[in-house]
Enquirer: 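Quick one: the structure is below, and I'll ask about it shortly.
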Amino acid sequence: TPLTVVMYAATAKAPDLADTVIREATVMRRQVDHHLARARAVGRRAAGMSRALVWESAEAVLRAVTRLYENTRFDLDGDRAAAVTLERQDLDEILGNLIENAAKYGGGSVFVTVDVAARSGRATDMVEIWVEDDGMGIPEAERIRIFDRGARLDTGKPGTGLGLAIVRDVVEIYGGSVELDESEDLGGLLVKLRLPRAGEG
């Protein structure tokens with residue numbers, strides 16, 4: 001565990017103790033955030049009154065991510081009125097995770113499409129959101145494993161590997177699903193997010 005790593009480093013009087021403490025404390029914070037997110041989602045879903053507009057959440061996330069990845073082209077398209085039965089805070093966290101991953105591992109282009117099913121004339125009780133990038137993608141054999149806590153395919157970039165695990169857990173608690181595929185338009189990773197559709201507000 002992160003705490004064990006810190007204890008070993010302290011006992012050995014490791015020269016990089018400060019860096020180790022900071023790094024492992026960050027991992028612990030993310031793990032706590034993960035469990036808090038799950039608990040929050042369970043409570044809100046039980047209330048059954050959550051409603052959030054996907055477009056507004058995606059725009060807010062893109063404004064923030066654009067500042068971090070100034071050289072990445074972001075494109076948002078789709079249904080501006082699509083609403084899901086999630087709390088806005090949880091939706092922001094889910095989209096933020098997926099869009100930032102796309103920017104981090106992509107090659108400079110990220111497409112976000114809201115309510116793909118409705119745009120193709122297949123209106124359902126789920127809102128389908130696609131997040132696509134032009135990066136290297138994830139091999140089909142690795143797409144299930146990457147949702148495991150701590151799993152990372154690119155260890156050269158900062159991160160704990162908890163991002164997609166958090167997304168999957170919170171989405172499933174709300175009755176949705178998330179799967180990985182290959183983007184036909186950009187050639188990189190395609191994340192297909194499905195969330196329960198909310199009624200008119």
Side-chain angles (χ1 to χ4, degrees), residues 30 33-34 37-38 40-41 52-69 72-80 82-117 119 126-140 142-154 157-197:
R30 289 291 303 275
D33 288 347
H34 169 70
R38 289 192 64 186
R40 195 171 64 238
L53 287 170
V54 179
W55 189 276
E56 289 183 1
S57 177
E59 278 191 322
V61 167
L62 286 171
R63 281 195 296 270
V65 176
T66 298
R67 289 195 289 268
L68 297 174
Y69 298 90
T72 297
R73 174 198 169 198
F74 295 94
D75 182 76
L76 175 62
D77 194 12
D79 183 0
R80 292 172 177 262
V84 293
T85 57
L86 272 75
E87 280 291 323
R88 171 65 185 268
Q89 183 179 352
D90 293 324
L91 181 59
D92 286 354
E93 182 173 358
I94 291 166
L95 293 180
N97 234 310
L98 298 180
I99 292 172
E100 184 176 0
N101 272 351
K104 182 190 295 185
Y105 297 108
S109 294
V110 175
F111 289 178
V112 180
T113 308
V114 178
D115 215 4
V116 176
R119 283 171 56 84
M126 305 292 281
V127 173
E128 189 167 334
I129 304 156
W130 285 10
V131 179
E132 305 173 75
D133 65 62
D134 59 343
M136 298 297 293
I138 297 177
E140 188 172 357
E142 301 287 344
R143 289 176 191 163
I144 295 178
R145 185 181 70 82
I146 200 63
F147 283 102
D148 294 340
R149 282 191 281 277
R152 295 173 59 202
L153 293 184
D154 186 351
K157 295 183 183 290
T160 62
L162 292 176
L164 285 177
I166 292 174
V167 168
R168 178 200 59 195
D169 286 357
V170 175
V171 166
E172 289 182 353
I173 286 169
Y174 274 108
S177 66
V178 58
E179 66 177 272
L180 307 182
D181 205 336
E182 181 179 341
S183 170
E184 292 185 4
D185 291 332
L186 297 181
L189 185 66
L190 164 60
V191 181
K192 295 180 178 180
L193 177 65
R194 295 181 182 87
L195 299 169
R197 186 182 302 276

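Note that the structure is a prediction, hence the values are computed from the model and not measured.
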Enquirer: Quick one: CG on Leu189 to CD on Glu182, what's the gap to the nearest 0.5 Å?
Expert: 9.5 Å

Enquirer: Residues in side chain to side chain contact (heavy atoms under 4.5 Å, CB included) with Leu53, at least two apart?
Expert: Arg51, Glu56, Ala83

Enquirer: Just to verify, what does Ala60 make a side chain to side chain contact (heavy atoms under 4.5 Å, CB included) with, not counting sequence neighbours?
Expert: Arg63, Arg88

Enquirer: Does a side-chain heavy-atom distance below 4.5 Å link Ile129 with Leu95?
Expert: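 Result yes, sub-4.5 Å side-chain heavy-atom pair found.
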
Enquirer: Specify the closest pair of heavy atoms between Val61 and Gly96, including all atoms of both residues, with the distance to one decimal.
Expert: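 For Val61 versus Gly96, the nearest heavy atoms are CG1-CA, 3.5 Å.
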
Enquirer: Which of these, Val54, Leu86, Thr85, sits in a side chain to side chain contact (heavy atoms under 4.5 Å, CB included) with Leu195?
Expert: Leu86

Enquirer: How close do Pro196 and Tyr174 get, counting heavy atoms only, and between which atoms?
Expert: CG-O, 3.2 Å

Enquirer: Grab the two heavy atoms, one from Phe74 and one from Tyr69, that are nearest each other, plus how far apart they are.
Expert: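 Looks like CE1-O, 3.8 Å.
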
Enquirer: My understanding is that only residues two or more places apart in sequence, or in another chain, count here; which of them pass side chain to side chain donor-acceptor pair (under 3.5 Å) with Ser183?
Expert: Glu132

Enquirer: What residues, two or more places apart in sequence or in another chain, satisfy salt bridge (Lys or Arg N to Asp or Glu O under 4.0 Å) together with Asp134?
Expert: none

Enquirer: Working to the nearest 0.5 Å, report the span between CD1 of Ile99 and OG1 of Thr72.
Expert: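 Result: 12.0 Å between the selected atoms.
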
Enquirer: If we check side chain to side chain donor-acceptor pair (under 3.5 Å) with Glu179, which of these qualifies: Arg168, Arg194, Lys192?
Expert: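 When Arg168, Arg194, Lys192 are each tested with Glu179, the side chain to side chain donor-acceptor pair (under 3.5 Å) holds only for Arg194.
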
Enquirer: Can you find a heavy atom in the side chain of Val112 that is under 4.5 Å from one in the side chain of Asp75?
Expert: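 In short, these two side chains do not touch, never coming nearer than 4.5 Å.
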
Enquirer: Using the side chain to side chain contact (heavy atoms under 4.5 Å, CB included) rule, pick out the option among Asp79, Asp115, Leu193 that qualifies with Val127.
Expert: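 Answer to the side chain to side chain contact (heavy atoms under 4.5 Å, CB included) test with Val127 among Asp79, Asp115, Leu193: Asp115.
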
Enquirer: One pair to check against side chain to side chain contact (heavy atoms under 4.5 Å, CB included): Tyr105 and Glu100. What are the steps and the verdict?
Expert: CA-CA 9 Å; Tyr105 297 108; Glu100 184 176 0; over 6 Å; no

Enquirer: What pair of heavy atoms forms the shortest contact from Leu186 to Ser109, and how long is it?
Expert: CD1-O, 4.0 Å

Enquirer: Can a donor-acceptor pair be found between the side chains of Thr113 and Asp77 at a distance below 3.5 Å?
Expert: no

Enquirer: State, yes or no, whether a side-chain contact exists between Leu190 and Trp130 at a heavy-atom distance under 4.5 Å.
Expert: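 Yes; the side chains approach each other to less than 4.5 Å.
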
Enquirer: Just jot down the side chain to side chain contact (heavy atoms under 4.5 Å, CB included) partners of Ala102, sequence neighbours excluded, or say none.
Expert: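 So Ala102 forms a side chain to side chain contact (heavy atoms under 4.5 Å, CB included) with Val110, Val131, Asp133.
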
Enquirer: Do Asp90 and Glu87 make a side-chain contact, defined as non-hydrogen atoms from C-beta onward lying under 4.5 Å apart?
Expert: yes

